[in-house]
A.B. asks: 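Input: one structure, supplied below.
Lettering of chains follows the sequences in order, A, B, ..., and the numbering in each one begins at 1.
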Amino acid sequence: MANHDIHFSVRKGTVHALVGENGAGKSTLMKILYGMQKPDEGTIAINGETVTLGSPADAITRGIGMVHQHFMLADQLTVLENVVLGSEKLHGIGGQARKKIKEISDAYGLGVRPDAMVEDLGVADRQRVEILKVLYRGARTLILDEPTAVLVPQEVDALFDNLRELKAEGLSVIFISHKLGEVLAVADEITVIRRGTTVGTAVPSQTTPRQLAELMVGSALPTPETSDSTVTDRPMIQVDSLRLEGEGGRALLDDISFTIHEGEVLGIAGVEGNGQTELIDALIGLKGADSGTIRLAGDEITTWPTRKRREDGIGYIPEDRHRHGLLLESPLWENRILGHVTEKPNAKGVWLDLKAAQADTKRIVEEYDVRTPGIDVTAASLSGGNQQKLIVGREMSHKPRFLIAAHPTRGVDVGAQAQIWDQIREARREGLAVLLISADLDELIGLSDTLRVIYRGKLVADADPATITPEELGSAMTGAATGHLERDEDAELSAALLLEQAAREDAPAAQDAQDADNAVDAPEDEAR
Amino acid sequence: MKKFDKERVLLALAGPAIALVVAVALTSIVLLISGKSPFEPYSIMFEQATFSDIQVLIVNQATMYYLAAVAVAVGFRMNLFNIGVDGQYRLAAMTTALVGAHVALPSFLQVPMLILVAMLTGAFWAGIAGILKTTRGVSEVVSTIMLNAIATSLIAWLTQAENFGVLSGNNTTTGLMSESGWIPGIELAGGKIYGLIVLAVIVGVAYWLVLGRTRFGFDLRATGASESAAAASGVNAKRMVLTAMLISGALAGIAGLPLLLGHSHTYDLTFPAGLGFTAIGIALLGRNHPVGIVFASLLWAWLDKASQELDYHGYDKEIAVIMQGLIVLAVVISYEAVRVWGLKRQQQRVGEELAAAARKSKNSEEVAAR
């Protein structure tokens, strides 16, 4: 998206955070800084010297390195091979390169083993390899694009320690994130971007998450908290000992049982890749269960095809909207039909009702604030957040009885987040049952009535969202805790602190305050 | 909003236009290299198109191209590459000719029956590839190519004199069809236009209606655009593959009928082969669009028929073949280029419009804030 009037400067040896809505221009700005796109006007200066960055290679020679949100590593190669790939000229590919990698790893406390295979590494380790790759190429300024999106809280803390090491050595870090708490915890300076332009700069010590969020959205801060419980005793979806096998009979899902009642939100917490995708596929009917049953409002739907499930009131906000939620090269109104082609207003008998579908697309665009010049543009030309709003609008328009919401606000700006939460909450009041899967623990805790933890295809723990903290949930997600998660004394203490803080601020924004507070306190709490 | 619509039409036309210009330019270069006039062949061919008998030939040829190309296009719309149109069409024509020679119903039953036989034969032959793909995961590209070869042998065997064939001089035929299955042509000054041109029109309209205006068509297009998104939206991908293959085969089956029922009334060694391969290029050039394919078929038929005259003017008529080849190559490249360019441009424009709107609202916000 277009940028205009962007001003900000990063001082040497600091972590500078960029926060802002998706679609407001963060990605474009990143591309410009990394030489992937040329600015129409304005200048970039490094160490006071104005530079033109024509390509990523230019940026690298100028000491700018980028750690992408999606890692760019070859699984079948070792760390050493991945690091030297493309920079063989720097230190060769043998002993000298290995020595250099060790050196960098030790200097910044990255703990990278040069001979490990990348496929054996966890997400956090891969991220450190990415950082090392950039440092190896001589970067003095690192750009990190949403580096915490894939990490659990403990890993986030470790990453922040690494970042502190980096800045202690005089490097500069540009840190992009949606998560205000994290930003406040790690950044020395924060620049807020709204609608393609910089709207302000903040210093963490003098800013609360609430102020920051308000700067970002330009209005009051949303919280994911649900007000009163609307849980009824009428079961909407009942899953009983569901098992799904992968190739070779390996269990992808094993003995999954849960019930979601009308008006209930069940949150599933877990590190990505522990069976969430398979669970969603089994519920929407993309994969058949190998054993076990699924019931929707009493009807057994285990063998129903996807279309019948959707017609019968299962709404679906997919994990990967590009793969499962949109036809990228089709216009918005065709995307509005997708998934509901047999339902009103899209169809009359076997015929499509193009006029009605188009009119309804206009309504969705307006009601859900999808920022687009019209409904004839392709879905690919919208930003990620706006694509998501369209999907949520489409699914909610068909008044689902059971909603599968996978990362419903991923990549969505704070303003739209509030709106999506409101939509879910409102539908929940009217009896919607929701299965919520999210990597955003605050969202999970704030929206859910019940929490379960998925680990290696099994539901290993459950928790009460009213009392659990993101840290406790985070450790359960790594398999460290099972059963019913009870609060321990440390947690009591930090909850007390929290309450105090919330009272001091006299604000309904406890959730974000908690986020910030925890992120700051966590290193001490976690002193193992 | 109109702006985007206009732009889409413009982009849709830009692809074929660029391809044609490039193909003509390259052909001229070939002519130059071989020491011939780079322009005269075109004027000869244009002149040919003004003669009424050539016009009839072009229209008749285009009718068959059109049916075969729509058959290919149905597959293309859902990312299926039915290379087997050629085998499906020849086998269907042969079967229809056989049935037509041995059954003699009144005309109002005979003609629909023959059309049905052709469609079923084509669908059956394509269905084999469809079933192989859905049950065993065999690529339809490989299986349809092999089925083409099998069809050739099967036809040769069935039309042997000891089986169903009838010898007529040196020619192996299937015997003359009953006259109740003949379809009269439309008499014009330059000759007879196949009566089954009506069938081509009906197929074109039906193709447009079904794909653009029905739930089934939407599912088919969605599957072609993104198989994973279509599956998540409730399309049964396997059934869709099989259905699309059957429809494609049924349409391929009737591609030979205008000639069979309108003129030759028997299937013999001179029955045109290779129609199904030509149709792939035509469907590409016509962008799988019902109207686009009309123009592409006419262009192809014109190149075929008008080029015959070149031999009498010291040029090789194969120039037209070179041009057809170059068009297909240029089309593939220019469509992709135009698509990518168009997508990028649209993204930029959406961005610009939103930024402009944001600037406006930002200014008013600032006034309101302080």
Side-chain angles (χ1 to χ4, degrees), chain A residues 1-5 23-25 28 194-197 199 218 280-281 284-286 305-311 316 318 320-331 334-335 337-342 346-347 349-354 371-378 380-383 386, chain B residues 1-9 11 209-240 339-340 342-363 365-366 368-369:
Chain A
M1 295 285 148
N3 284 145
H4 57 100
D5 305 326
T28 309
R194 176 166 21 121
R195 294 189 178 174
T197 187
V199 291
I280 296 168
D281 286 353
I284 194 71
L286 285 173
T306 303
R307 174 143 299 161
K308 185 149 170 52
R309 294 187 198 202
R310 297 193 72 147
E311 285 169 352
Y316 177 39
D320 183 339
R321 55 180 165 253
H322 288 179
R323 270 175 58 74
H324 292 121
L326 294 169
L327 303 174
L328 285 172
E329 293 192 20
S330 300
E334 287 203 328
N335 277 287
I337 298 176
L338 187 73
H340 302 279
V341 67
T342 55
N346 300 329
V350 300
W351 300 95
L352 294 179
D353 190 344
L354 299 189
R371 292 195 197 144
T372 168
I375 59 166
D376 284 310
V377 300
T378 56
S381 42
L382 297 190
S383 71
N386 284 309
Chain B
M1 219 39 263
K2 274 280 162 282
K3 202 170 39 198
F4 281 101
D5 281 339
K6 223 186 268 169
E7 184 163 311
R8 190 174 307 160
V9 173
L11 281 177
L209 263 182
V210 169
L211 246 72
R213 293 290 187 275
T214 65
R215 283 162 30 176
F216 169 77
F218 184 85
D219 281 346
L220 189 137
R221 284 186 291 130
T223 313
S226 164
E227 206 173 311
S228 50
S233 86
V235 178
N236 182 335
K238 284 188 173 177
R239 191 187 301 163
M240 192 48 87
R339 188 187 72 87
V340 170
L343 212 59
K344 212 167 175 185
R345 186 174 149 78
Q346 196 182 49
Q347 265 164 353
Q348 262 168 11
R349 293 180 56 172
V350 169
E352 269 163 31
E353 274 191 42
L354 291 180
R359 252 193 296 267
K360 227 181 280 164
S361 74
K362 188 192 157 211
N363 290 340
E365 240 172 64
E366 268 169 5

A.B. asks: Is A/Leu286 close to chain B through its backbone or its side chain, or both, or neither, when contacts mean heavy atoms under 4.5 Å?
C.D. replies: side chain
A.B. asks: I need the minimum non-hydrogen distance between A/Leu326 and B/Ala229, along with the two atoms involved.
C.D. replies: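 So the two residues come closest at O-CB, 3.5 Å.
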A.B. asks: Would you mind checking which part of A/Glu311 comes under 4.5 Å of any heavy atom in chain B, side chain (CB onward), backbone (N, CA, C, O), both or neither?
C.D. replies: neither
A.B. asks: Could you tell me which non-hydrogen atom of B/Ala231 sits nearest to which non-hydrogen atom of A/Thr306, and how far apart they are?
C.D. replies: O-CG2, 3.8 Å
A.B. asks: Between A/Ile337, A/Ile284, A/Leu328, which residue shows the highest count of heavy-atom pairs closer than 4.5 Å to chain B?
C.D. replies: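 With the most close heavy-atom pairs to chain B, the winner is A/Ile337.
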A.B. asks: Return yes if some donor-acceptor pair links the side-chain N/O of B/Arg213 with the main-chain N/O of A/Leu354 below 3.5 Å, else return no.
C.D. replies: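 Looks like no, no N/O pair under 3.5 Å.
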A.B. asks: Quick one: what part of A/Thr342 sits under 4.5 Å from any heavy atom of chain B, side chain, backbone, both or neither?
C.D. replies: both
A.B. asks: Select one option (side chain, backbone, both, neither) describing which atoms of A/Arg323 are under 4.5 Å from chain B's heavy atoms.
C.D. replies: both
A.B. asks: How far apart are the closest heavy atoms of B/Phe218 and A/Leu327, and which atoms are they?
C.D. replies: CZ-CD1, 4.5 Å
A.B. asks: When heavy-atom pairs shorter than 4.5 Å are enumerated against chain B, which of A/Thr372, A/Asp281, A/Leu352 gives the highest number?
C.D. replies: A/Leu352
A.B. asks: Please flag which part of B/Val210 lies under 4.5 Å from any non-hydrogen atom of chain A: side chain, backbone, both or neither.
C.D. replies: neither
A.B. asks: Keeping B/Arg215 on the side-chain end and A/Gly349 on the backbone end, is there a donor-acceptor pair under 3.5 Å?
C.D. replies: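 Looks like yes, one N/O pair under 3.5 Å.
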A.B. asks: Less than 4.5 Å to any heavy atom of chain B: does that hold for the side chain of A/Pro318, its backbone, both, or neither?
C.D. replies: neither
A.B. asks: Any side-chain heavy atom of B/Ser233 sitting closer than 4.5 Å to one from A/Arg307?
C.D. replies: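 Yes, their side chains come closer than 4.5 Å.
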